[in-house]
Amino acid sequence: MRIGYACQAVGIYETNFKSCTRKNATEENLLSVINHNLNALENIIDYNRKNKIHLFRITSDLIPFGSSPVNQLKWWEIFQERFGRIGQLVRENDIRISMHPGQYTVLNSTDDTVVERAVADLEYHAKLLESIDPDQKNKIILHIGGAYGDKKKAMECFVTNYQKLEEAVKKHLVIENDDKIYNIEEVMETSLKTGAPVVFDVLHHQVNPDKEKNSANSWIKQCGYTWKSEDGVQKIHYSEQNPVKQPGSHSETITAESFMTFINELGSLQPDIMLEVKDKNLSAVKCINLMEERPNILMLEKEWSRYKYLVLEKSQNDYKYIRQLLKEKEKYPVMEFYKTLDHARFLEESKGDALNAVNHVWGYFKKQASEKEKDYYQKLIQEYGSDKKQLNSVKNIYGN
DNA sequence: TGACGTCAAGATCCG
DNA sequence: CGGATCTTGACGTCA
């Protein structure tokens, strides 16, 4: 069971992606953006390697206007060497890559030009995967599309258009249940007619279940049969509901307890799991640590150095508790550790704790701050105390 | 016609 | 002027 995350990494040096607008899409600009993005991708893959993250979804925006006539570059030839190097990195470290065109790539549309663009977009995705690593286990995940008032007919339209796709696309294409229109049962039906493997999405199934409301596990098992050995290990998507957003919206972080409950219920099912979550790689590391078979307290200490001020800012009690946990060097209290972290981040901002954390960090900066900076800091702290300023404006001074 | 989702670019605001 | 914050872009479907 491998864990991965989608598209970008949080807090990792030089892994940001650039894009450009249509009116700036000159050849020169496109070349520069692609060059930048390939650097970022290589850095992300390298980060994944170091952190034992073996699944990664590559952003569809790696090549700006990748499937649009706006971009006439033969990027796969121009950057052949770079793709080759990334491919080597991916293969040597057993990293499985994937892509996921968004809700705007609709293969079953009633509008022919939309279908044409969808086909072109899928061909772009396949070309990109093939440029890096042509192995059939690297997948492009697609939703079925619209319903257009007649779902049966719309599903048939998907099958017809699927069959017309070029082999290089079909080789990588897999289909997924969505949160509004096509539930897992309908996607499985479409899989029977196309032969495309099925990615089961846990949150989409919660929001948009099949009529009989069969369990996630029973569907994961069924979906497993759609993956042939060339397709690699079965993949699923795991995410959690964001409590303050629309049904189907992804949470900020994966909750340690919910995740491990899910993993334990899987039993003998061992799919690769793509996380869809705001904090990206941070949750991937968290889930990998939670499942670690050869644990070491150093893993948690490394995590603690990232999270400690976040916890201190919310709750001194949780902060003290985790410090206590980490004192026993021969243990690995991974669940207690992340559970407490999840608890702290869920808390409302408390002024006393926040000030304490800010002062703590200020301690490190004080020595190198000028008189003027010290005055400015005191003023900000006072304004925060009297509700004039938000916590962020205080924290921002550390960036200066 | 706007909401949906995503995230960087672009525009504007503030001190 | 620089940094923070708001708006736009790019995509298709559906209410």
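Everything numeric in this text was worked out from a predicted model, so none of it was measured. Quick note on labels: first sequence line is chain A, next is B, and so on, each numbered from 1.
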Let's see if you can work this out: which of [options] has an atom nearest to the side-chain heavy atoms of [X]?
X: A/A147; options: C/dT13, B/dT6, C/dC14; value: C/dC14
X: A/S19; options: B/dA8, C/dC11, C/dT13; value: B/dA8
X: A/S109; options: C/dT13, B/dA8, B/dG5; value: C/dT13
X: A/S249; options: C/dC11, B/dG5, C/dT13; value: B/dG5

Can you find a side chain N or O atom of [X] that sits less than 4.0 Å from OP1 or OP2 on [N]?
X: A/Q103; N: B/dT6; value: no
X: A/Q246; N: B/dC4; value: yes
X: A/H250; N: B/dT6; value: yes
X: A/Y104; N: C/dT13; value: no
X: A/K180; N: B/dG5; value: no

With heavy atoms under 4.0 Å as the rule, sort [X] into base, sugar-phosphate or nothing.
X: A/G146; answer: sugar-phosphate
X: A/K18; answer: sugar-phosphate
X: A/T59; answer: nothing

Ignoring hydrogens and geometry beyond distance, is a side-chain donor-acceptor pair present between [X] and [Y] at under 3.5 Å?
X: A/W219; Y: A/D210; answer: yes
X: A/D61; Y: A/S19; answer: no
X: A/Q136; Y: A/D231; answer: yes

Here the gap from A/L326 atom CG to A/K331 atom NZ, rounded to the nearest 0.5 Å, amounts to 12.5 Å

